[in-house]
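Any value given below was found using the heavy atoms of this structure, including those in side chains, with hydrogens, waters and symmetry copies removed.
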Amino acid sequence: MSWEDTYKVWKNNNDLESSLKKELDGLAGDKDALEDAFYAPLEFGTAGMRGVLGAGINRMNIYTVRQATEGLASFMDTLNDDVKKRGVAISYDSRHHSQEFAYESAKVLGAHGIKSFVFESLRPTPELSFTVRHLHTYAGIMITASHNPKEYNGYKIYGEDGAQMPPKESDLITKYIRQADDLFAIKVADKDKLISDKMLEVIGDQVDQAYLAEIKNVTINNELVEKEGQTMKLIFSPLHGTGAMLGEKALRQAGFKNFTMVPEQAITDGDFPTVKKPNPEDAAAFDLSIKLGQEQNADLLIAVDPDADRLGAAVRQPDGEYQLLTGNQIAALMLNYILIAHEKDGSLSENAAVVKSIVSSEFATKIAEKHRARMINVLTGFKFIAEQIKDFQANNSQTFMFGFEESYGYLIKPFVRDKDAIQSLVMLAEVAAFYREQGKNLYDGLQDLFKEYGYFAEKTISRTFDGIEGAAQIESLMAKFRDEAPTSFAGYSVTAMEDFAKSEKKFADGTIETIELPEANVLKYLLEDGTWIAIRPSGTEPKIKFYIGTQADTNEKAQQKRADFEKAIDQFVNE
């Protein structure tokens, strides 16, 4: 059907949910807005789906949520009865309609005779990952749009290992989703009857306690935390999301007593009223933390995003101002401490391994190499880090020490198989305690690492292309970088180009090597000075991302090189 025909079906549906019907009435006559809402179904990929809330097949609403869940349920129908009995765990964040979407998912599963375990109130994404493993469910559903603005919500499916559903199963689920093309014909069971029939179980504190028991193992040096945690001043913000309750409990449990939650941002609110974007990568998200930090003379400020899988931090500098750390810098600080602490107590395995994405800094690689830990690079997406952990344990080949992505996601202990900002909160506080015992803070610690390993500078540049034309513009840019491959950037020659879509690494002399990673629409240029530049479309947003990683013997030189490479990318894009 054309988008106009699809729109008419929705408009003429007398049973359409009232708020969506009202929205459609308000859009009458706005062709551009209607076309954007109905021209194509909301894309469902390996990371699930994410979109603007509203009416239409290209929007997040109860009907598109039902359709996604129908796809999962139909796939589970092809498996044995034991799978259906194991059921699906469901959690949700503080966004608008999140709880409603969680229960709509349970009602669709119930119509297929599949049990669901739904949290009594909002919980973080990492706890959902843990819950799938803890309850031995076959799958998990997380209702969240992570760090996106308030207009968004999303839907992610997790597999039985607690990681996001792997590509093979995800592709099959997508096929079943597309088969459920009549969104209004999808059957839903009655919520109260599902509860009375014990096909929907509400979960909460018992799972929280099991998760927090595992969090205890994140702390490496309990004596250090006991010594410094009583007085070290920390400001913590959950940015109106799920991190407040578990974050506070995890800190206190570890031994950190002298911390303050930003009161305005400890309130769960899907409008995220104190920030434009609830994103710990964004400096503006720290405005209230900085104000409170200056009042209390705090050394460290930490914020987590609404579903508590990403963590950002700011540290006090010598002049009393606060400096936001990058995801790569936070990872370097945590990794350095983890390896040193395990070396000190004799628990660092000879087959220690660290896993990072191909667009993350080589800063951490240098640190891993010094401590004889193997660094493994994987494609962007934490499910690929989870795959490595699964292989390590299956083959007893490596001991997982740490995993991270530059986009502020870290994992310390593999009882969770996704980014975990609650684990990271406890670990970064311990790292701060480590430096405090030496009369330093994290800023000082970072400078020490720079002096030892060199000054690394990275930058992620995101360009957004919304609407119908956006996908074509992103595709065109990728084609330009692939087909008109630059031979230099900012005066530095390209020594090799890695094309992950073709699984090949092509050197400047024409030599080609095979890349032993899954195919992905990613390009990476390696330059003569050790700089790398990567380009990839976002898997969850209408964006194309450019990554720069460079290094020099001073911070000034590294930052200047980063700026020069950014200009070179802009110049090529605009030619």
Side-chain angles (χ1 to χ4, degrees), residues 280-286 289-290 293-294 298-303 311-337 339-340 354 356-357 359-371 375 404-408 410 428 431-432 434-436 438-462 489-492 525-534 545-570:
E281 299 179 54
D282 185 9
F286 280 85
S289 294
I290 289 171
Q294 289 173 336
D299 282 331
L300 177 62
L301 318 177
I302 296 179
L311 173 146
V315 295
R316 180 183 289 276
Q317 299 180 88
D319 62 2
E321 297 299 313
Y322 287 93
Q323 172 66 48
L324 195 70
L325 299 178
T326 69
N328 286 312
Q329 291 168 350
I330 293 169
L333 284 161
M334 287 201 286
L335 176 60
N336 180 70
Y337 172 74
L339 296 177
I340 287 175
V354 181
K356 73 175 184 68
S357 68
V359 296
S360 297
S361 175
E362 294 304 313
F363 192 4
T365 303
K366 297 290 186 184
I367 294 169
E369 287 173 349
K370 178 185 176 181
H371 297 278
M375 177 62 79
F404 78 98
E405 292 184 326
E406 52 76 38
S407 53
Y408 295 65
Y410 329 91
L428 191 60
V431 180
F434 169 71
Y435 286 110
R436 190 173 191 267
Q438 303 171 49
K440 302 176 180 179
N441 66 14
L442 284 181
Y443 178 83
D444 302 316
L446 183 62
Q447 303 315 305
D448 289 347
L449 293 181
F450 281 148
K451 289 172 186 174
E452 181 172 1
Y453 295 102
Y455 289 81
F456 289 79
E458 296 86 22
K459 180 73 176 286
T460 301
I461 308 157
S462 294
F489 288 91
Y492 292 93
Y525 294 89
L526 308 180
L527 278 63
E528 60 181 325
D529 69 325
T531 296
W532 56 268
I533 293 170
K545 293 188 175 184
F546 302 90
Y547 304 83
I548 302 167
T550 193
Q551 180 185 0
D553 57 5
T554 69
N555 184 52
E556 291 75 16
K557 289 179 182 178
Q559 295 301 331
Q560 185 59 56
K561 284 175 70 176
R562 181 203 56 74
D564 291 343
F565 286 120
E566 185 173 355
K567 289 178 183 177
I569 291 170
D570 284 339

- Task: List the atom of K557, the atom of A552, and the distance in Å for their closest heavy-atom pair.
- Result: CB-CB, 3.6 Å
- Measure across V431 and L333 and return the closest heavy-atom pair with its distance rounded to 0.1 Å. CG1-O, 3.9 Å
- Here the gap from Q447 atom CD to N555 atom CG, rounded to the nearest 0.5 Å, amounts to 7.0 Å
- Message: Hydrogens and angles aside, do T326 and E458 bring a side-chain donor and acceptor to less than 3.5 Å of each other?
- Response: no
- Message: Among F363, Y443, F456, exactly one meets ring-ring contact (aromatic ring centres under 6.0 Å, His included) together with F450. Which residue is that?
- Response: F363
- Item | Shortest non-hydrogen separation from A457 to A558 and the atoms involved | CB-O, 3.7 Å
- Query: With no hydrogens and no angle check, is any side-chain donor or acceptor of Y410 less than 3.5 Å from a backbone partner on L311?
  - Reply: yes
- Qualifying salt bridge (Lys or Arg N to Asp or Glu O under 4.0 Å) pairs, either residue in residues 440-457, two or more places apart: K370-E452, K440-D448
- Item | Closest non-hydrogen atom pair between P280 and A303, with its separation | CB-O, 3.5 Å
- Item | Nearest heavy atoms of M375 and A368, plus distance in Å | CE-CB, 4.3 Å
- Message: Contact between I340 and H371 at the side-chain level, heavy atoms closer than 4.5 Å - yes or no?
- Response: yes
- Would you say the side chain of I461 lies within less than 4.5 Å of the side chain of I548, judging by non-hydrogen atoms? yes
- L526 side, atom CG; Y492 side, atom OH - distance, nearest 0.5 Å: 15.5 Å
- Report the relative orientation of the aromatic rings in F489 and Y525; use parallel for angles under 30°, tilted for 30 to 60°, perpendicular for over 60°. perpendicular
- Query: Which atoms form the tightest heavy-atom contact between Q294 and G320, and what is the distance?
  - Reply: NE2-O, 4.4 Å
- Query: To the nearest 0.5 Å, how far apart are CG in L449 and CG in N336?
  - Reply: 4.5 Å
- Message: Return the CG to CD distance between N328 and E406, rounded to the nearest 0.5 Å.
- Response: 6.0 Å
- Item | Carboxylate-amine/guanidinium contact E362 K366, below 4.0 Å | no
- Without swapping roles, check the side chain of Y322 against the backbone of F286 for a donor-acceptor pair under 3.5 Å. no
- With no hydrogens and no angle check, is any side-chain donor or acceptor of N441 less than 3.5 Å from a backbone partner on R316? yes
- Spatial distance of atom CD1 (I330) from atom CG (L446) [nearest 0.5 Å]: 10.0 Å
- Does the T460 side chain pair with the main chain of Y547, one donor and one acceptor, at a distance under 3.5 Å? no
- NZ-OG distance between K545 and S462, expressed to the nearest 0.5 angstrom: 4.5 Å
- Query: For the ring pair Y337 and Y435, is the centre-to-centre distance below 6.0 Å?
  - Reply: no
- Message: Looking at K561 and Q551, would you say the former's side chain and the latter's main chain have a donor-acceptor pair under 3.5 Å?
- Response: yes
- Query: Got a donor-acceptor contact below 3.5 angstrom from the D564 side chain to the A490 backbone?
  - Reply: no
